Amino acid sequence: EDYNTENQKHYFLIGDTVQILEKCDGEFMGDFFYLNFFIFQGIFPSNYIHLKNACVKNKGQFEMVIPTEDSVITEMTSTLRDWGTMWKQLYVRNEGDLFHRLWHIMNEILDLRRQVLVGHLTHDRMKDVKRHITCCSTYLSYLFSYSERFFLRLNRNGLPKCPEKPERHCSLFVVNVENRSWIKLLFSGEKKNACNVQYRRPFGCAVLSIADLLAGDSKDDLVLKVYMCNTESDWYQIHENIIKKLNARYNLTGSNAGLAVSLQLLHGDIEQIRREYTSRFTHGVSITRKLGFSNIIMPGEMRNDLYITVERGEFEKGGKSVARNVEVTMHVVDSSGQILKDFISFGSGEPPASEYHSFVLYHNNGPRWAELLKLPIPVDKFRGAHIRCEFRHCSTKEKGEKKLFGFSFVPLMQENGRTLPDGTHELIVHKCEENANLQDSGRYLKLPFSKGISLGNNSQAVKTTKESFWITSFLCSTKLTQNGDMLDLLKWRTHPDKIAGCLSKLKEIDGSEIVKFLQDTLDTLFGILDENSQKYGSKVFDCLVHIINLLQDSKFHHFKPVMDTYIESHFAGALAYRDLIKVLKWHIDRVTEVELHDHIQEVLKAQEYIFKYIVQSRRLFSIATGGQNEEEFRCCIQELLMSVRFFLSQESKGTSALSQLQAVFLSSFPSVYSELLKLFDVREVANLVHDALGSLPTVMHGDESLQAVKLQSIGKTVENCLCPSFYSRCILLPVVLHHLHMHLQEQKDLIMCARILSNIFCLIKKNSSEKSVLEEIDVIVNSLLDILLRTILEITSRPQPSGSAMRLQFQDGEFVSCLLSLLRQMTDRHYQQLLDSFNTKEDLRDFLLQIFTVFRILIRPEMFPKDWTVMRLVIWDSYFFLAVIFINQLCLQLEMFTPSKKKKFMFIFILGEHKLHFIPALIGPFLEVTLIPQPDLRNVMIPIFHDMMDWEQRRSGNFKQVEAKLIDKLDSLMSEGKVICLSYNSLSSKIERETWRESGVSLIATVTRLMERLLDYRDCMKMGEVDGKKIGCTVSLLNFYKTELNKEEMYIRYIHKLYDLHLKAQNFTEAAYTLLLYDELLEWSDRPLREFLSYPMQTEWQRKECLHLTIIQNFDRGKCWENGIILCRKIAEQYESYYDYRNLSKMRMMEASLYDKIMDQQRLEPEFFRVGFYGKKFPFFLRNKEFVCRGHDYERLEAFQQRMLNEFPHAIAMQHANQPDETIFQAEAQYLQIYAVTPIPENQEVLQRDGIPDNIKSFYKVNHIWRFRYDRPFHKGTKDKENEFKSLWVERTTLILVQSLPGISRWFEVEKREVVEMSPLENAIEVLENKNQQLRTLISQCQTRQMQNINPLTMCLNGVIDAAVNGGVARYQEAFFVKEYILNHPEDGEKITRLRELMLEQAQILEFGLAVHEKVVPQDMRPLHKKLVDQFFVMNWYMYSVNHFILHYSYDSPLSYPAVNRYSSSSLSSQASAEVSNITGQSESSDEVFNMQV
């Protein structure tokens, strides 16, 4: 919810777009659109708002903000809004089952929508979430939006029963197709028992997703699998179960069962499809329509369909030992008891029938059918008709037959004309015998029929019965209504005492009911008005306003022409204009009464059609009376508009209810002009409009949204049918120009101002004579010329965004066009009058300087788009004409000068030493000349640059100024995407002849290297999304400015460019490290700093404080809390030194919160990847270099490889990890070599210390990492096929980076490589060390209750024990513990001992781990635990033999380790019971699998 400036409460809807203006203490202040007319401002909690990227169209006051979000999110937002309304309606209708289903799924989709918006999901997870969202949307769309059924009869062979009627084999579904829609196919078969009694039985169901249809070739046949319920009682919801994939509730009917269908998606309405696909309709095709009305109800649409869904029944056994086999037979019966023929439709493929037979569920007293039927009953047969449902038991015995045991009925219409209401009806089952006579309907129609509703005069008491039958009805009719209030209103003459109540209840009637009877309703309202205007005038007016505003809804928008036709052809209220004017004026006179504002707002929104009724009524009266009471009518209109002028003249401060009313009125006021022109001449109407617009307050400090709507109304006035007339323009132009002047003076709503001014000039040019043009140009020059020049100067002098050239925006171009148009239409008389209007020479000089400045700006080449050729020619033509006149002035002719004055003037052109005054100022303009693609012109620049360097060298002994200016301008131009072509080789050759050639060549080399990086940067920045190339290129350029050029300001600028890139990519940790570079340049001092980038003027201490807080925030968002804690301590020390205890307290609390997050929140450990970029086609900063990259959350090797190939689509992925040769380095191609690497933590002390929680250790495993390793196994010597461990060596490559990860980039270059080989014994030792450490960690987590799921421990124990029992220990024994190896490798004695120790240690860890595992293992995993204990017993035997063997052949110091104890499976747990505390807790299964690598 939100509170506006008037302290009024308003509510947001999901997906509303707001514009954030300010933020303070968790609250936002901003604007959002209200009632489609103006912007409403308010304050709302920030936690309800999700900030996201958006593109802005039509920038300015009336801009459109379109979120650049995933289409699934947009669809979800729209769907949730629709479902919210539907959810409330379900509650009101007391449909509890659907209400709770919808509530559950809406919450689920809201949660999934939240996950998608956060954007931290992996690609695969995102696909899963989207698929699940689509599935949920599909399911609910199925529940609430159907089409009619298409019915097709197939024979035993699966072919159509009527092949001679092709129109029955296919159907055109006229529905709105969405990706979340489904096609459901239900099959039922006809069976006969021994007595040839036929009945239907459920057979199967097939479901097809529309998304699958749209994704494939729609012209191919699709073979759908047919499924059957496991239990018949679930048949009614089998389609839901298939959509939800509840596999336990259905199965395939058979391996060969299937249905071949051909589907094609056709776009357009039915008439368009008939024209474009005539071949489809040649042999006839059935039409399957949407169930109910379409989203937009079209005038003239005729339907009268009653849909009945046979839902379910509850029946007694009827004295039998088993449940019944119930069949429902339905008839439509008229008032005389005759069955109406052919009014029951099973679907669009078959002709209607006279009766319906349901399928039969075997032995089921509570059958659920959910079969939809359509009853296309004519309107004239509705009254007195009823539906009768007969219930029969179908015997399965040999002599079985269908026996009638009961019936239900329901009338279709009440005596007052109201039809059966929509919804589910519980009908009474009346018992009867087989021989009961149901033909005499009069006997049972007097009985009660429903337990919930009572129609007509039937008031008999309902007998208590346990048997019930449920149906759901839905009426789709343009002729009948279920609404009693609507019937009462239309029959107002029958009950005149109910008129007031009927008029009051009109607003509560559904809009679709009103538009169905639009003409009748309007005739009723004006009939009541004619009957008694004094009593009902106000109420009729309110009802008319409600109907007019109802047609503003998109669903009923197409009924506006119906109302227009009614006004022109059917409206007959010749006296209505008096009451309409009277009541409208009454409302406008009371705009200051706050309690009436909402109602008055509705009235003002409807003013266009109110005036249409007023004008048409007056015309009818004039025709009928010969124009009587004309003066009275004019007085009424004048009084009405006088009230309007008073209303518009009211001033309000800020956004208020009054300004909202004024905005609503102005937005639709121009539509009234055309109506007034039907009764008044153009000058009269122009005067009325002039007075109304002239009454608007001139202050500009009020509600900005009102000012915008006011200008919009003026724009519509200029575009209206009034302004083409010269006479009306003469009246309206002063007031229009007055408001334009005010807005231009305040520099507000410039887009609208430019359009209004452009339209004025177009009208003057098209619809004016030469004399009228002179008069109108006079008015415009006096009103706007000065402010127009100032506006153009203001616009063009605004600071441009970094990286973009100065270029006129849309409104700027229109202002320039208007200025040129004005100047070209001004005659000499106008110019002379303008010059005479200046009182002093100073005023004239200021004006001329102003207009010359505008012309100087406009002839710049970058000011206009390239395709504005005519505009350029016009401006240059004016420029050359002015230049010729200026040069030919007598005062500038040299022959007229005195000798001394001529010498002084010529000195300007003979520079000599004075060139130094233009260095380095002219370097930028000269460098811009090289942008011109003319080789001769570019070559001219080479001696100029050489000359500048030479003169700077003479003066200063160096050319630092030239270098600095050259580098700054190069960076600026390249960042704007300009192409600079200057032959540095030619410049170098000229420098070679100079004494200062060494420093000159160094400068050229530096500029060349800078150009290489700037070119890469320019090319990368052309890409749309942020990727690694942009970030890597920016890092390269940033480091170049720091290390080689030492240009601190440029370095800081690129720090912030890199920071923005990281924020856009949500690399918050890297963003924090990047901003830390700038922070390190600052000191905790009071030195004042100038305004720079986005930083205001402040002290160095304040800026460093701001940076610290921003960096801490980014470390927090990146879950790098340990780094944030360090900065919290530093800034806390500063606060403490200044005794700023308030901020010190906040900082300590922030530090404490970071500690809490370390302990409480989960952090994912990223994977790291080594990437080699080989080949000459890579950018300079990547070419033939290797990097280590920090992956995103959940990103594995395959996903990372795909991401890199997407960034470099022309690259070839190398399939091996060997170092490439020189041919790859020099290839004119791109080669990517990617493989995963393992980080080597620097802080081993923390990782190896016992008792430290894993939440803390996880940080040190993957942060501040300089070194990474990659292992490549290989066999040295002869490979032993029986035991590969004997010859399995490992080549370990260690990569050392230039900077540690994470840092200012997600990847850093490899600075050094170290390669070592590990022997098989060393490899075995490392494998055991890692596995023992993993076991210790898992056991510790289980003991300290950090592990909610014991599956990782179970899998790890199983992997180690199983590998040891199945040969792991034996392989080690054969490889390293044999006599031959020990004697041949005396140098490995300590390593063999270490391996033995690790194996014994592993046995002890496993023993303890099994004891812990026994305490927490769930009951269903007990057999696995017993198996592990038994296998551990076998493993101990191997350990004992290995230990005994090594003790026998050991030649080093005596081994002090005892042999491993051997325990049976029954005694193992008791051994460690004293050491293991009671541990409980288990959770869902884990996806992680642990394997023992031995």
Side-chain angles (χ1 to χ4, degrees), residues 51 118-120 1026-1028 1030-1032 1034-1035 1038-1039 1042 1051-1084 1092-1095 1100-1134 1146-1147 1149-1158 1161-1166 1168 1188-1193 1195 1239 1242-1243 1255-1256 1258-1266 1297-1308:
L51 300 178
V118 170
H120 290 163
V1026 177
D1027 55 18
K1030 284 187 178 181
I1031 293 172
T1034 309
V1035 170
L1038 176 150
N1039 290 331
K1042 179 184 180 183
Y1051 172 62
I1052 296 172
R1053 287 183 184 276
Y1054 277 94
I1055 285 175
H1056 287 81
K1057 288 182 180 181
L1058 180 60
Y1059 173 73
D1060 292 338
L1061 287 175
H1062 280 312
L1063 285 187
K1064 191 174 181 181
Q1066 296 188 345
N1067 299 333
F1068 299 115
T1069 299
E1070 286 74 16
Y1073 276 111
T1074 300
L1075 213 54
L1076 204 56
L1077 296 178
Y1078 183 35
D1079 180 83
E1080 291 170 351
L1081 299 176
L1082 302 176
E1083 302 290 339
W1084 294 105
F1092 181 59
L1093 298 177
S1094 60
Y1095 300 103
E1100 191 173 14
W1101 196 99
Q1102 291 172 328
R1103 188 166 296 178
K1104 193 173 177 70
E1105 177 196 28
C1106 176
L1107 283 170
H1108 260 59
L1109 296 175
T1110 306
I1111 295 168
I1112 292 170
Q1113 181 186 14
N1114 280 287
F1115 275 136
D1116 183 14
R1117 297 178 72 184
K1119 296 187 177 182
C1120 200
W1121 299 304
E1122 287 80 356
N1123 290 344
I1125 288 171
I1126 295 172
L1127 292 178
C1128 284
R1129 291 173 182 171
K1130 289 183 179 180
I1131 196 171
E1133 291 176 2
Q1134 295 298 320
K1146 293 180 181 179
M1147 193 51 55
M1149 287 190 287
M1150 183 183 293
E1151 182 180 350
S1153 70
L1154 297 181
Y1155 280 117
D1156 289 337
K1157 290 178 180 179
I1158 291 173
Q1161 295 190 21
Q1162 181 185 4
R1163 283 188 285 196
L1164 299 173
E1165 294 182 6
F1168 296 87
V1188 173
C1189 179
R1190 177 173 174 257
H1192 295 297
D1193 291 346
E1195 191 172 39
E1242 296 292 319
N1243 195 341
N1255 289 14
I1256 298 175
S1258 64
F1259 172 80
Y1260 296 96
K1261 289 179 182 178
V1262 293
N1263 283 272
H1264 309 302
I1265 309 296
W1266 292 82
L1297 306 185
V1298 295
Q1299 294 185 44
S1300 64
L1301 281 172
I1304 63 171
S1305 175
R1306 294 195 80 95
W1307 53 8
F1308 286 120

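Note that this is a predicted model, so its numbers are computed, not measured.
Shown here for F1308 and S1305, the closest heavy-atom pair between the two residues is CZ-N, 3.6 Å. For the residue pair C1120 and R1163, the shortest heavy atom distance occurs at CA-NH1, 4.4 Å. Residue I1304 comes nearest to H1062 through the heavy atom pair O-NE2, 2.6 Å, listed as atom of the first residue, atom of the second, then distance. Nearest heavy-atom pair, E1165 versus S1258, reported as atom, atom and distance to 0.1 Å: OE2-CB, 3.6 Å. Closest non-hydrogen pair, I1055 versus T1074, comes out as O-CG2, 3.2 Å. Contact detail for R1306 and G1191: the closest heavy-atom pair is NH2-O, 2.8 Å.
Remark: K1157 NZ is packed, more than 12 non-hydrogen atoms of other residues, nucleotides or ligands lying under 6.0 Å away. Taking a 6.0 Å sphere around CD of Q1162, one finds it holds 12 or fewer heavy atoms contributed by other residues, nucleotides or ligands.
Judged by distance alone, the side chain of N1039 and the main-chain N or O of V1035 form a donor-acceptor pair under 3.5 Å. Side chain of H1056 to main chain of I1052: a donor-acceptor pair is present (N/O by atom type, distance under 3.5 Å, no hydrogens or angles).
Contact check on E1083 versus K1104 returns no salt bridge, with no Lys/Arg side-chain nitrogen under 4.0 Å from an Asp/Glu carboxylate oxygen.
Side-chain contact between W1121 and K1119 is present, with heavy atoms from C-beta onward closer than 4.5 Å. Between E1070 and P1302, the closest side-chain pair of non-hydrogen atoms falls below 4.5 Å. At least one side-chain heavy atom of L1038 sits less than 4.5 Å from a side-chain heavy atom of L1077. Within the 4.5 Å cutoff, the side chain of H1108 has heavy atoms near those of the K1130 side chain. Annotation: side chain of F1259 is not in contact with side chain of I1158 (no heavy-atom distance under 4.5 Å).
Taking CG of N1123 as the reference point, atom CG of L1154 lies at 10.5 Å (rounded to 0.5 Å). For the atom pair CG of L1081 and CZ of R1103, the computed distance is 11.5 Å after rounding to the nearest 0.5 Å. How far CD of E1195 is from CG of L1164: 12.5 Å, rounded to the nearest 0.5 Å. One distance of note links CE of M1147 with CG of L1127; it measures 9.5 Å at 0.5 Å rounding.
Between Y1095 and Y1078, the ring planes lie tilted relative to each other; the angle falls in the 30° to 60° range.
Of the residues listed (N1067, T1034, T1110, N1114), the one engaging Y1059 in a side-chain hydrogen bond (donor to acceptor under 3.5 Å, both in side chains) is N1114, and it is the only one.
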Run the side chain to side chain contact (heavy atoms under 4.5 Å, CB included) check on E1080 and L1107 step by step: do they pass? CA-CA 10 Å; E1080 291 170 351; L1107 283 170; over 6 Å; no
